[in-house]
Amino acid sequence: MPIEITGYWLAKTEPEVYSIDDLARDGETEWDGVRNYQVRNFMRDRMKPGEQILIYHSNTKPLGVYGIAEVAGPAHPDSTQFDAKSKYYDEGSDPDDPRWWCPDFRYVETLQTPVTRDSIKETPGLENINVTKRGMRLSVMPVTKKEFDIICKLGRR
DNA sequence: GCCAACGTTGGC
DNA sequence: GCCAACGTTGGC
């Protein structure tokens with residue numbers, strides 16, 4: 001089944017690499033380093049400025065949604081692909097036709113209560129959310145408005 | 001630390 | 001174009 005695009009998103013990040021606290025500190029950041037074509041296409045072609053993003057922490061305890069960001073502007077070439085010192089350097093990417101694109105994300109809020117993966121699995125209305133689907137390996141994926149609203153409500157109390 | 005589920009690569 | 005081997009993601 002194709003993934004439905006709704007204008008709401010969930011982005012995974014390892015908090016040891018870049019957390020919602022880092023985004024709160026920075027205000028805005030380039031969402032760089034993604035090297036998956038499907039996610040590249042979401043970010044380059046489908047994300048629109050102002051769209052809301054759940055920030056999900058992976059490889060940590062507890063797993064879950066820790067905050068909200070928004071798309072700060074249109075996608076632009078991912079700067080790390082041309083940086084030979086970056087672990088994301090891609091020598092096959094042509095500066096005149098860059099392979100990897102991403103927008104900047106802008107900090108919106110940190111949830112009072114993180115919405116854990118376990119609670120997501122138990123919450124009515126979140127049965128079909130992509131992030132808990134078996135085999136889901138995309139680091140950026142759409143969520144529905146209903147899913148977005150349920151998670152915000154859970155996180156703000 | 002394990003490993004399922006993918007995506008990518010490269011020989012043919 | 002097929003597909004086996006390999007690498008990565010990321011939950012468990």
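Labels below follow one simple rule: chain letters A, B, ... track the order of the sequence lines, proteins then strands, and each chain is numbered from 1.
Salt bridge annotation for A/Asp90-A/Arg35: absent, with no cationic side-chain nitrogen under 4.0 angstrom from a carboxylate oxygen. Between A/Glu109 and A/Arg156 there is a salt bridge, with a side-chain nitrogen of the basic residue lying less than 4.0 Å from a carboxylate oxygen of the acidic one.
In this view, A/Asp149 and A/Lys145 satisfy the salt bridge (charged side-chain N to carboxylate O under 4.0 Å, His left out) rule, not counting sequence neighbours.
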Can you check each nucleotide of nucleotides 7-12 of chain C against protein heavy atoms at under 4.0 Å and return B for base, S for sugar-phosphate only, - for none, in 5' to 3' order?
-> BBBBBS
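The hydrophobic clustering, which links ILVMFWY residues whose side-chain heavy atoms are closer than 4.5 Å, places A/Tyr88 and A/Trp101 apart.
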Trace of the side-chain contact (heavy atoms from CB on, under 4.5 Å) decision for A/Met141 with A/Lys12 = CA-CA 9 Å; A/Met141 66 196 85; A/Lys12 290 182 173 182; 3.9 Å; yes
